[in-house]
Amino acid sequence: MSRNDQPVTRIVIAGGGIGGVTAARQFDRLLRGRQDVEVLLVNRDNFFVLSPLLFEACSGVLELRHCAAPIRPCLRHVRFMEGTIQRIDVDRRIVQVVGPGGTELSLDYDHVVIALGASTNTRAIPGSEHASTFKTVADALLLRNHLIELLERADVETDDARRRELLTIVVIGGGLVGVELLGEITAFIQSELRYYPRLRLREVRFHLFEVGPRLLPESAPFLADYARRVLTERGAELHTATPVTGIEPGLVRWREGSVRADTIVLAPGIVPNAVASRTPVQRDKRGRIVTDAALRSVSHSSVWAIGDCAAIPSPDGAQYPALAQHAVREARAVARNVVAELSGRRPVPFFYNSLGSMAALGRTRAAVDLRGFHLSGFIAWWIRRTYYLFQMPRWERRLRIALDWTVSLICRPDLTKIDPASERDLQDRAAGALPDSLRVPRPIPETRDHVIHRVVTASPNALAENDG
Ligand SMILES: Cc1cc2nc3c(=O)[nH]c(=O)nc-3n(C[C@H](O)[C@H](O)[C@H](O)COP(=O)(O)OP(=O)(O)OC[C@H]3O[C@@H](n4cnc5c(N)ncnc54)[C@H](O)[C@@H]3O)c2cc1C
């Protein structure tokens, strides 16, 4: 490939989550003004999600879109393409993508940075397909709608057993995602129940299942103790050392018992992204791409990997954890190392000493462990928020988030349930609920060849007018 007959080096970043976007922005800074290198970022969506903000997007503390940011405005010289990566051919150095509208594209590269992240582990528990996941913006929207819907349904339900099922919420997994999610849900339900005078807080049951002996196994015991205290105060039943043995529609089973619940959310850990774990480079037992300390695949010199899909050695012989704070640092380091390689310099080993960990539990409750320095309550909650606010690129997005947070200090979370149905869908739904005698066919839309008849609702008066 050439530009004005100059050879051009092509870098493809596969995956535009927090790792991929941070790498792209770092390339933007490092390659400013260079005509001999082209960088292309490919992501399934035209936005990226800052996952630690998903919980508040679900409860409505944060406007749903504000936990995400459109990718294009974040980039200057790096190009962006929306597309689903199907395969990375590391021998021919080609990334195969299905672009918008189904166009199949083959993108050749000199270096590829794989930042495809991970997915919820749905293989660990039989029947996981009957539970919701909590990973994407759509997951947050669906769970939010579901929670509000169950409050509405419980409000009119007269059968006690059914009402109990509607008001039972189960989260499977006591790691950071499960604990923070349950924290946000308990705070949300407690706050919104005041609008449902027929429902009592003691009727709502929250269950959390964790296979290990304590909550938050990846964090300091201080965080786990704090989370346990807050969740217990809010009435949650915390089942530690309790592996869930199976999920059925509306039912969770463990060795000693079972619980019926209309809400079952799965957070039992992650598996590497399917495309990354199919890429024919050296991978570990879990399917993560094994890199050296400089973030380069140990088997293919043109392949680099970061974030949740990579197994990156840390100096203590372990691997860096799958966390956003690590993905961000790895992303900056990989961009520096690829540029060093292009400039004939040696890539530098990646080293990051974690700042600590944080867990938010909704409604101004959080705990922070900053390298052994412990804080909890409002100040910890404020530190976590401020930290993630600055992980979001661009001041415009930060301003919107800060405004949402400010408003949420004085107002309760919004109860609006967004039904993604068009007016026509709503009419069809209403018609479906009517007896046949009250349905009239309405021609929509008219095409050159035929008229499609759709059944629509009609009031008896309208029918009378029609008959006339
Ligand atoms: C709900 C939740 C809360 C979290 N909270 C925290 C927290 O508080 N603190 C913390 O440190 N970490 C947290 N994490 C973990 C953190 O989000 C991840 O460690 C981090 O996002 C990893 O970054 P990544 O770039 O490797 O992957 P991701 O951010 O997951 O990005 C992967 C990207 O690849 C894209 N992609 C995947 N497959 C394809 C394909 N075939 N084609 C094209 N694009 C594709 C995805 O759409 C996505 O944009 C949380 C995770 C979740 C799910």
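Excluded from the calculations below are hydrogen atoms, water molecules and symmetry mates; all remaining heavy atoms, backbone and side chain alike, are included. Counting starts at 1 for both ligands and their atoms, in listed order.
Set against the non-hydrogen atoms of E180, the atoms of ligand 1 under 4.0 Å away are 8 (O). Residue A115 has at least one heavy-atom neighbour below 4.0 Å for each of these atoms of ligand 1: 32 (C), 33 (C), 34 (O). Short contacts between ligand 1 and A322, defined as distances under 4.0 Å to a heavy atom of the residue, involve ligand atoms 19 (O). Under a 4.0 Å criterion applied to the non-hydrogen atoms of Q325, ligand 1 contributes the atoms 11 (O). Near G15, meaning under 4.0 Å from any of its heavy atoms, are these atoms of ligand 1: 34 (O). Proximity to V275 (heavy-atom distance under 4.0 Å) selects the following atoms of ligand 1: 41 (N).
Considering backbone and side-chain atoms together, G307 places no N or O closer than 3.5 Å to any N or O of ligand 1. Considering backbone and side-chain atoms together, I85 places an N or O closer than 3.5 Å to an N or O of ligand 1.
Taking the six-membered ring where the residue is Trp, F209 and H207 present parallel rings, their angle staying beneath 30° rather than reaching 60°.
R205 CZ: 12 or fewer foreign heavy atoms inside a 6.0 Å radius. The local environment of CZ in R371 is crowded, with over 12 non-hydrogen atoms from other residues, nucleotides or ligands closer than 6.0 Å. Within 6.0 Å of atom CD in E104, 12 or fewer heavy atoms from other residues, nucleotides or ligands are found, so the atom counts as exposed in its surroundings.
Among protein heavy atoms, the minimum distance from atom 30 (O) of ligand 1 is reached at K135 NZ, 3.5 Å. Protein heavy atom at the shortest distance from atom 45 (C) of ligand 1 is L116 CD2, 3.6 Å. From the protein, the heavy atom lying nearest to atom 6 (C) of ligand 1 is P52 CG, 3.5 Å. Closest protein heavy atom to atom 28 (P) of ligand 1: G17 CA, 4.0 Å. The single protein non-hydrogen atom nearest to atom 49 (O) of ligand 1 is N43 OD1, 2.9 Å, given as residue, atom name and distance. Atom 44 (N) of ligand 1 has as its closest protein heavy atom R44 N, 3.0 Å. Nearest protein heavy-atom contact of atom 37 (C) of ligand 1 is N273 ND2, 3.3 Å. When only non-hydrogen protein atoms are considered, atom 25 (O) of ligand 1 lies nearest to G19 N, 2.8 Å.
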Evaluate side chain to side chain contact (heavy atoms under 4.5 Å, CB included) for I11 paired with W304, printing each intermediate quantity in order. CA-CA 11 Å; I11 301 165; W304 307 73; over 6 Å; no
Let's go through E184 and R363 carefully: what are the C-alpha distance in whole Å and the side-chain angles of both, what is the deciding distance for salt bridge (Lys or Arg N to Asp or Glu O under 4.0 Å) to 0.1 Å, and is it a yes or a no? CA-CA 7 Å; E184 195 68 34; R363 207 188 317 121; over 6 Å; no
Between R345 and E341, is the salt bridge (Lys or Arg N to Asp or Glu O under 4.0 Å) condition met? List the steps. CA-CA 5 Å; R345 287 180 279 116; E341 171 82 12; over 6 Å; no
Start with the C-alpha gap between D89 and R92, add the side-chain angles, then the distance that decides, and say whether salt bridge (Lys or Arg N to Asp or Glu O under 4.0 Å) holds. CA-CA 6 Å; D89 183 335; R92 290 161 60 214; 3.2 Å; yes
Dump the intermediate steps for side chain to side chain contact (heavy atoms under 4.5 Å, CB included) on F55 and V61, then the final yes or no. CA-CA 9 Å; F55 309 108; V61 165; over 6 Å; no
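Between D28 and R25 there is no salt bridge, since no side-chain nitrogen of the basic residue lies less than 4.0 Å from a carboxylate oxygen of the acidic one. Salt-bridge check for R34 with D36: passed, with a basic side-chain N closer than 4.0 Å to an acidic carboxylate O. Electrostatic pairing of R412 and E192 does not count as a salt bridge here, judged by no charged N lying under 4.0 Å from a carboxylate O.
Contacts with ligand 1 closer than 4.0 Å are made by heavy atoms of both the backbone and the side chain of A324. With a heavy-atom cut-off of 4.0 Å, E218 does not touch ligand 1 at all. Under 4.0 angstrom from ligand 1, the non-hydrogen atoms of V177 all belong to its side chain. Contacts between I18 and ligand 1, counted as non-hydrogen atom pairs separated by less than 4.0 Å, involve both the backbone and the side chain.
Of the listed residues (F47, Y388, F134, Y387), the one carrying the non-hydrogen atom nearest atom 1 (C) of ligand 1 is F134. With distances taken over non-hydrogen atoms, the option nearest atom 22 (C) of ligand 1 out of D308, I306, L355 is D308. Counting only non-hydrogen atoms, the option in S51, G117, A276, A359 that gets closest to atom 17 (O) of ligand 1 is S51.
Between M358 and ligand 1 there is no heavy-atom distance shorter than 4.0 Å. At least one heavy atom of G83 sits less than 4.0 Å from an atom of ligand 1. Not close to ligand 1: F48, with no non-hydrogen atom less than 4.0 angstrom away. By the 4.0 Å heavy-atom criterion, R384 is counted among the residues contacting ligand 1.
Taking the ring centre of W382 as origin, the terminal cationic atom of R385 falls outside the region bounded by 6.0 Å and 45° from the ring axis.
At distances below 3.5 Å, not a single donor-acceptor pair connects side-chain atoms of R44 with backbone N or O atoms of T84.
None of L31, V338, L30 except one satisfies the side-chain contact (heavy atoms from CB on, under 4.5 Å) rule with V37; the exception is L31.
For the residue pair Q325/Y387, the side-chain donor-acceptor check at 3.5 Å is not satisfied.
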